[in-house]
Each structure stands twice: as C-alpha cells, then as structure tokens.
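Heavy atoms only: backbone and side chains are in, while hydrogens, waters and symmetry mates are out. Positions are given from 1 along the sequence.
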Amino acid sequence: MGNDEPLSSDIPHSPFRTPHSKADRFRAVVSGRERGVVASVLRGALSIASVGYGAAMRVRNWWYDTDRARIEHVDALVVCVGNLTLGGTGKTPMVEWIVRWMRERGVRPAVVSRGYGAQAGAANDEARELADRLPGVPQVQNRDRAAAARRAIDEFGAQVIVLDDGFQHRRLARELDVVMLDAAEPWGYEHVFPRGMLREPPSGLTRAEVVVLSRADMVDDARRAEIRRRAERLSHGAVWAEVVHAPQRWLAAGAGAAALDELCGQRVAAFCGIGNPRGFRHTLDRCGCEVAALREFPDHHAYTPSDLEQLAAWAAASGATAIVCTHKDLVKIGVDRLGALPLWALVVGIEFLEGQVELEAKLAWLIARLPRCSEP
C-alpha cells in the first residue's frame with residue numbers, strides 16, 4: 001500500500017496562517033513531505049527509535065494474546081472505541097453516538113477513560129465536551145480503567161461501559177472493539193511512533209470486531225475502497241462502516257445555540273487544539289464559511305489569558321466578523337466573545353454513509369444479554 005496522502009488545511013498565501021508548529025514539522029518529516037539531508041537524517045534516527053517501541057508493543061500484545069498477562073472482567077458489558085494512530089480520529093463523536101443509542105433503548109451506560117491531558121482532580125477536555133452533550137451520563141477517568149469501570153458499576157449502576165480510547169489498553173476485558181480509522185491518515189504513514197503515527201502495527205486490527213472509517217468524505221471512492229480492502233484483510237472481515245462528521249449547530253458558552261446558516265457566507269477566523277486540525281477545516285467548509293484565518297494549537301492545549309488576548313487581536317486583524325473553534329476548545333475557554341467578536345463552537349455529530357445497520361446489530365446482540373433488557 002502507498003503512503004497516506006494528507007490533505008492540506010492551509011489557506012494559500014494567507015498572512016494569518018499559523019506558522020508551522022512542532023506537530024506540523026513532525027508530520028512533514030514522517031510523511032516524507034519534507035525533503036533534504038536534515039529530514040532524511042531525522043527519519044533515520046526516528047526509525048531506529050521506533051524499532052524498540054514496535055518491539056515492545058508486539059511483546060505486550062503477545063503477552064495478552066497468549067494469556068500470560070491477567071485480563072480483568074467486570075460485571076457489565078464493555079464496548080471499546082479506539083484507534084491505531086496518534087491524533088484525532090473521531091472517537092468522541094462515536095462514543096457519543098453509542099451512548100445515545102444505548103440510552104434510547106433503556107440501557108444505563110457510563111463512559112470510562114484514562115483522562116489524558118487532565119489536570120489533577122479535573123476532567124479532561126473530551127470528558128467536558130461529552131458532559132455538555134450527554135448530561136446525566138456518568139464519566140469516570142482513571143489511569144486504572146478496570147478500577148474506573150468497577151466504580152461506574154458500583155456507584156452509578158452502569159450496565160454498559162463505553163471505554164473511550166482504550167484499544168491499546170488490554171487489561172480490561174471487552175465484548176466489542178470498535179476501531180476508528182481516519183480517512184486522511186489511516187495507516188499512520190506506515191510506521192509506529194516515533195517514525196510514524198501508529199500506536200501499534202496495523203496487524204492489531206485482528207482484535208477489532210468493527211472498523212469505522214471516519215471523515216470518509218475527505219477522500220474519493222477509490223481511496224475508500226483501497227482502505228477498506230486492507231482493513232478487511234487485516235481484521236479478518238470485521239464489520240465495516242463509513243461515517244462523516246456532520247455539522248449540527250453553532251454553540252456559544254452558556255449554552256447559546258444558533259443554526260448552521262447563521263454564519264454561512266461570513267468571514268470567520270478559526271482556531272483549534274485538536275489531533276486533526278485538517279478535519280476541522282474540512283468540516284468548516286461544509287458550513288459555507290469563508291475561513292479568512294486559521295490557527296492551530298497542539299492537541300489538548302490549555303488556553304491561557306495571553307492566548308485569548310492574542311487570538312482576539314489576530315482575528316480582528318483578519319477582518320473576520322466572528323471567531324469559530326471546536327466544541328472541545330470551547331469547553332476549556334468558557335467565554336462567548338474574544339475581544340469585540342463573538343466566539344462560536346461548531347458542534348458535529350456522526351452521520352453514517354455505510355455500516356450503521358451492521359453496527360446496530362452488533363450492539364443489539366450485546367444488550368440482549370443484559371437482564372430484563374428487551375430487544376430494540
């Protein structure tokens with residue numbers, strides 16, 4: 001298979017485009033887009049470092065696959081949503097979709113995650129985003145996800161644990177593994193970290209029961225079919241689904257909301273601190289906004305007052321009439337204006353192009369095993 005073909009979110013010749021960040025440079029090097037002697041030397045050094053990482057992942061998986069490592073079971077069904085690569089693949093919208101599906105059928109779900117990027121005693125940004133969108137759904141964050149699952153069961157009566165970003169976490173037993181592949185970078189540039197973006201070799205898909213291609217509208221039909229063929233070969237025929245991130249509405253801090261056409265045709269300044277900023281730009285294009293400026297921050301970025309002041313000045317200089325960000329960014333900022341401009345977050349949801357019926361059949365089979373749970 002060929003290398004991934006990343007799609008650029010750059011605004012050509014814009015003086016308001018963010019200068020290349022460390023994440024940009026890393027992707028340029030590992031993807032092979034950056035040429036020259038220095039880039040070649042860097043790739044060589046990263047290849048050497050990745051040998052140890054890849055070997056450790058293979059040994060760890062072998063340890064679990066051969067029952068040499070202890071796998072813990074809990075008194076609830078566990079559905080895991082994860083991925084093979086670093087960065088954003090659309091796990092949070094999928095977690096939300098599964099939780100809503102469960103609740104609509106009278107099942108009590110809870111979300112369990114490691115809490116990556118959270119400050120001591122606080123929820124991380126994904127958890128805060130889900131709390132906004134799924135009020136009343138228990139969320140438990142703990143590096144020990146088995147302990148977190150038991151707490152969700154004991155304290156909240158959870159019948160189903162939705163394990164967020166847990167595909168590489170092997171200690172907690174699960175009934176269903178849903179693995180997200182980002183259409184723009186499905187195979188992490190064919191190398192494990194740090195030479196590429198893979199958390200583990202693609203052969204890890206053998207553990208998946210469902211494979212979901214997210215942001216499927218970012219590539220053409222031929223590329224989708226190519227990704228599908230490889231995924232089905234690796235996963236031995238797991239359920240295949242394709243989804244897009246469909247814009248739903250604009251949201252302001254304090255729960256103010258507006259229809260999508262509110263900003264249609266307007267000149268906006270956009271910023272984000274997520275794993276896949278190109279996906280955000282692609283979704284903005286679907287809203288009909290004129291993106292005058294785009295600024296990217298590292299994933300899980302903690303915005304400071306200085307950041308917000310700079311963003312306000314930067315957006316005003318671009319001639320924008322509004323500032324837009326992701327929901328994940330808004331929950332950390334918590335204001336409805338930056339300077340004189342309104343701040344809106346774009347709320348997105350999962351929209352299936354293919355595979356929804358098959359995924360629902362898997363979920364229905366699971367919840368039929370719960371006591372007193374009727375068929376949907």
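Although no hydrogens or angles enter the test, the distance criterion places a donor-acceptor pair under 3.5 Å between the side chain of T321 and the main chain of R267. Side-chain atoms of R145 never come within 3.5 Å of backbone atoms of A148 as a donor-acceptor pair (strictly under, hydrogens ignored). Remark: the backbone N or O of G273 is paired with a side-chain donor or acceptor of D329 at under 3.5 angstrom.
The only option from R207, R170, R60 that meets the side-chain hydrogen bond (donor to acceptor under 3.5 Å, both in side chains) definition with D65 turns out to be R170.
Judged by distance alone, the side chains of T92 and E96 never bring a donor and an acceptor atom under 3.5 Å apart. At a cut-off of 3.5 Å, with distance as the only test, no side-chain donor of E232 or W240 sits close to an acceptor on the other residue.
Using a 4.0 Å cut-off between a side-chain N of Lys or Arg and a carboxylate O of Asp or Glu, D307 and K332 do not qualify as a salt bridge.
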**Message:** Pair E354, R224 - check salt bridge (charged side-chain N to carboxylate O under 4.0 Å, His left out), show working.
**Reply:** CA-CA 12 Å; E354 186 174 345; R224 288 203 297 270; over 6 Å; no
**Prompt:** For D182 and R215, what are the C-alpha separation, side-chain angles and deciding distance, and is it a salt bridge (charged side-chain N to carboxylate O under 4.0 Å, His left out)?
**Reply:** CA-CA 6 Å; D182 185 341; R215 302 185 180 94; 3.4 Å; yes
**Request:** Before giving the answer on salt bridge (charged side-chain N to carboxylate O under 4.0 Å, His left out), spell out for K328 and D299 the whole-Å C-alpha distance, their side-chain angles and the decisive distance to 0.1 Å.
**Result:** CA-CA 10 Å; K328 178 177 172 178; D299 195 13; 2.7 Å; yes
**Request:** In sequence, state the C-alpha distance, the side-chain angles, and the governing distance for K91 and E129, and then conclude on salt bridge (charged side-chain N to carboxylate O under 4.0 Å, His left out).
**Result:** CA-CA 12 Å; K91 294 185 299 295; E129 179 184 358; over 6 Å; no
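Within a 6.0 Å radius of CG in D220, other residues, nucleotides and ligands contribute more than 12 heavy atoms. Within a 6.0 Å sphere centred on CZ of R143, heavy atoms belonging to other residues, nucleotides or ligands number 12 at most.
Residue R281 holds its CZ atom at 10.0 Å from CD of E296, rounded to the nearest 0.5 Å.
Relative ring orientation between H301 and F297 is described as parallel, the plane-to-plane angle staying below 30° on a 0-90° scale split at 30° and 60°.
For R58 and W62, the positive end is not near the middle of the six-membered ring at less than 6.0 Å and at most 45° from its axis.
Between I323 and W344, every side-chain heavy-atom pair lies at or beyond the 4.5 Å cut-off.
The aromatic ring centroids of F352 and W97 lie less than 6.0 Å from each other.
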